[in-house]
K.L.:
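The structure follows.
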Amino acid sequence: MDLTLNIQLNLRNPTSDTETSERVKAAGNRKKAATETIEEAWARILTMKNSDADQAKLYEVKAAMQAGTIGRFPADASKRFSKAEALRMHRELAERQREETLRRMVEETPDNYELILTREQLVDLSAHLMAEDIVAVDTETTGVDVYTDVIVGMSFSLPNADRHVYIPVDHSAETPQLSLEYVLNTLRPFLQHEAIGKVLHNAMFDIAMFRRHGSDLKGVVWDTMTSMHLLNENENDRALGGVGSFKLKDLAPKYLGVASDTFDALFGKNAQFREVPLDLALVYAAKDTHLTWRLYQFQREHMAKMPTILEYYQSVEVPLLYVIVDLEANGYILDLDFAKEYGEQLHKRAKELSAELIATLTPYHDGEDLINLNSTQQMRPALSKAIGKELPNMDAKKTLKPLKGEHDVIAKLLEYKNITKLSSTYIDALPLKQNPTTKRWHSRFNPMGTVTGRFSSGKDEEDKTDQGFNAQNQPQEARPMFVAPPGKVLVGADFKAQEIRCVAYLSGEPVLIDAFLEERDPYAMMASNFYKRPYEEVNKNPDGSDTKERKQMKVVWLATLYGMSDYSLAEMLGVSKKEATEFKGELFGSMPKLSAWLAANDEFAKKHGFVWADKQARKRRVPDAKLKRKHIPYGKWNDPKYEDAKKHNSRIGRALRQTTNARVQGSSSIQTKVTMIRAHEYCVKKPGWSLWATVHDELIFEVPEDFTREEAQDIRNIMLNSYRWGDDVPNGTDIEVMRRWGEGIPVEEWFKSKEESE
DNA sequence: ATTCTGAGCCAC
DNA sequence: AAACGTGGCTCAGAAT
């Protein structure tokens, strides 16, 4: 209601022409009296130290004043003209522009945009929807919590009929509207029609929203947001030419040449769409599906030129959307008693440590206030003085840990940091994120959240409820908070050595392939090959622990996969750089096919500016790989003249480090996603079964606790056979059963102990 | 008062 | 010179 009033008020503009000219006149009169003219004031204000944003605003106001469109506020006119006043005038200017934009939007509403308000209109629309092949769909809601918020309207773009409609169902306008229930019932044949395609921007949100209101949205064939990720995963990155986001409003200007204002810019920050007047709601909402449709056509055309990507998108990423909606909706149960008890333990210990640390460090702290143990800025100088040694930074692993044995204060600080991180980020924070509607905890899994194709997990950009959390970085200590529902258990299945198997397949390296064929540990196999010693001897120590050689091989392996320099490798292994270089040289000398593959990845990227994931399903564009290195003469490294050259070269280095990793991580993510789709298909056929989570190389299921050996075997088959690395490299999996996350026993043991207790 | 950035650290 | 890939969250401190 507020907004409607505002708009009406503002259309009867308070700063009418006569008033404006009066103000201009008043300002002019006072100008003579003042010691400073407006021109002088502007000169003074514009030479002040203003931020870029402020400076731009100031110029806008100056131009508007000169054009006579805005004058000084009468209340301010007696005072000296200040920057603050100019900025207040800018706010009025911006507000007028906003109103003008809204007025124009309504005035210029295209003829084929229609508001659907009556049963007759809806019945007619329904018939036309059923005659379409593909329709663009969007919902307008009260918020982004798909378990709590409600639909206030929905829009559709019908390409065959050339119509773009908005159906308000819960706007606070006085105009009578159709009820949501009636609309959903009438449109159900369309919404649930598998063969009538649906195109959306961020489809997971709308699928979940429709489901919440009791109507599945079937037949989604394209998501302009996820497909944009596939077409340009760097769209987020302005340094690589992206627009900085994957929002429809940001993509439309770039790819369709259509200017598009954001919701916030048009309606204000915390505006509710249901308060937007219907004529305005129509043009805004219908434009959304119209743009979605046009973006779809554009994307479709471009992806068709990359048929392997198109095939992957349609057969994996699109079906996956439904899988993730289910996975997220299933959610988690947390053991709040566990969290409370554990949290109290942590607080108690943190308090003790905090008191001791403050007592020790206060004499070395310069500030007036008590030293803040969480501030690296305060802690570094104080701690340096306390131990009599200048610390370069406060990095726990690199800087503090090596000094732990010598200085009790550092040992205590490390324990303190550990505990406070654990409690503030996980143990205390998670219990507060329970969803008010479902009473469960729901994380977000973004299937296109990374540039390589892995999932990211966390909260929604637009989410103001603070209920989201990253489910993929829960530390070992926090995982037991997550418990299986009553009568169920969690079954975790990982891809054993997923990325190394992937490398074995992509490179064709026989040393690696043989390791997997013989079901041997690849690190031990590499160690055996490298040190020319028997496999058993380098695999496990007599006490069952991992050998030094195997551990070292794992470090080197991962280092290489991620493009680590010899310098860093030496640091990590505790040897000289020369030794590290030799070590790597010999190791990879013993695996020529792998070495050739690594080199080929870089060469390909240098030539083409991108690399492929498996089966050319996905590209990772690294345009910086094509740049030519700039020469920096010896001894000039610290010359400021070469700052840009250094930056330039480090971009190239970074791009080349990304190539191999992107191929491996990208291909592995495809394996995980395909397997998830198969796993989901299996779950929907089994009462009580659901997918619970995925953590990159791992799937976790929620299943009835009386699940059978046969069903466990089904899970194994799904893991091993849904996506294979060619014919030569077998997959591997370990399956475990848990009542609490992270406290698993091997599935065989689970069945054995069950039989024994019977 | 709100938003942004960097340091640091959790996961794979 | 920099030196390990992909993410997200919290806190401090600065910027707006």
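Below, chains carry the letters A, B, ... as their sequence lines are ordered, and counting in each starts from 1.
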K.L.:
OP1, OP2 of C:dG7 versus side-chain N and O of A:Ser457: anything below 4.0 Å?
P.N.:
no
K.L.:
Please determine, for the side chain of A:Arg657, which listed nucleotide (C:dT10, C:dA3, C:dT6) has the closest atom?
P.N.:
C:dA3
K.L.:
For a quick check of understanding: with a heavy-atom distance under 4.0 Å over all strands, which category does A:Gln378 fall into, base, sugar-phosphate or nothing?
P.N.:
sugar-phosphate
K.L.:
Validate the cation-pi geometry between A:Lys673 and A:Phe455: distance from NZ or CZ to the six-membered ring centre under 6.0 Å, angle to the ring axis within 45°.
P.N.:
yes
K.L.:
Is the phosphate of C:dC9 approached by A:Arg444 (side-chain N or O, under 4.0 Å from OP1 or OP2)?
P.N.:
no
K.L.:
Return a single string for nucleotides 6-12 of chain B, one symbol per nucleotide in 5' to 3' order, where B is base contact, S is sugar-phosphate-only contact and - is none, cutoff 4.0 angstrom on heavy atoms.
P.N.:
--BBBSB
K.L.:
Hey, mind stepping through A:Thr452 and A:Gln665 against side chain to side chain donor-acceptor pair (under 3.5 Å) and telling me if it holds?
P.N.:
CA-CA 6 Å; A:Thr452 55; A:Gln665 212 182 86; 2.6 Å; yes
K.L.:
Whole Å only: how far is the CZ atom of A:Arg380 from the P atom of C:dA12?
P.N.:
18 Å
K.L.:
Just by distance, with hydrogens left out, do A:Asp250 and A:Ser245 show a side-chain donor and acceptor under 3.5 Å apart?
P.N.:
yes
K.L.:
Indicate whether OP1 or OP2 belonging to B:dT3 is found under 4.0 Å from a side-chain N or O atom of A:Lys269.
P.N.:
yes
K.L.:
Answer with yes or no whether the side chains of A:Gln474 and A:Tyr426 bring together a donor and an acceptor at under 3.5 Å.
P.N.:
no
K.L.:
Taking only the C1' atom of each, what is the distance from B:dT5 to C:dC4 in whole angstrom?
P.N.:
22 Å
K.L.:
For nucleotides B:dG8 and C:dA3, find the distance between their P atoms and express it as a whole number of Å.
P.N.:
14 Å
K.L.:
If the cut-off is 4.0 Å, is A:Thr420 near the phosphate of C:dC11, judged by side-chain N/O to OP1 or OP2?
P.N.:
no
K.L.:
Could you please name the option among C:dC4, C:dG5, C:dT10 that lies closest to any side-chain atom of A:Ser568?
P.N.:
C:dC4
K.L.:
Taking OP1 and OP2 of C:dT10, is either one under 4.0 Å from a side-chain nitrogen or oxygen of A:Ser424?
P.N.:
no
K.L.:
Just do the side chain to side chain donor-acceptor pair (under 3.5 Å) check on A:Tyr723 and A:Asp614 with the steps written out, would you?
P.N.:
CA-CA 11 Å; A:Tyr723 192 96; A:Asp614 188 26; 2.6 Å; yes
K.L.:
Using whole Å, report how far CG of A:Asn270 lies from C1' of B:dT2.
P.N.:
12 Å
K.L.:
Could you give the CZ-to-P distance, from A:Arg629 to C:dA2, as a whole number of Å?
P.N.:
14 Å
K.L.:
Do the side-chain N or O atoms of A:Thr452 get closer than 4.0 angstrom to the phosphate oxygens (OP1, OP2) of C:dT6?
P.N.:
no
K.L.:
Ring of A:Phe610, cation from A:Lys619 - is the NZ or CZ under 6.0 Å from the centre and inside 45° of the axis?
P.N.:
yes
K.L.:
Looking at A:Lys83, I'd like to know if its NZ atom is crowded, meaning that more than 12 non-hydrogen atoms belonging to other residues, nucleotides or ligands lie closer than 6.0 Å.
P.N.:
yes
K.L.:
When the distance from CD1 of A:Ile371 to P of C:dC11 is rounded to whole Å, what number comes out?
P.N.:
18 Å
K.L.:
Could you tell me the separation between the CZ atom of A:Arg238 and the P atom of B:dT5, rounded to a whole number of Å?
P.N.:
10 Å
K.L.:
Can you tell me the distance, in whole Å, between the OH atom of A:Tyr634 and the C1' atom of C:dA2?
P.N.:
15 Å
K.L.:
Round to the nearest Å and state the distance from A:Asn446 atom CG to C:dC9 atom P.
P.N.:
12 Å
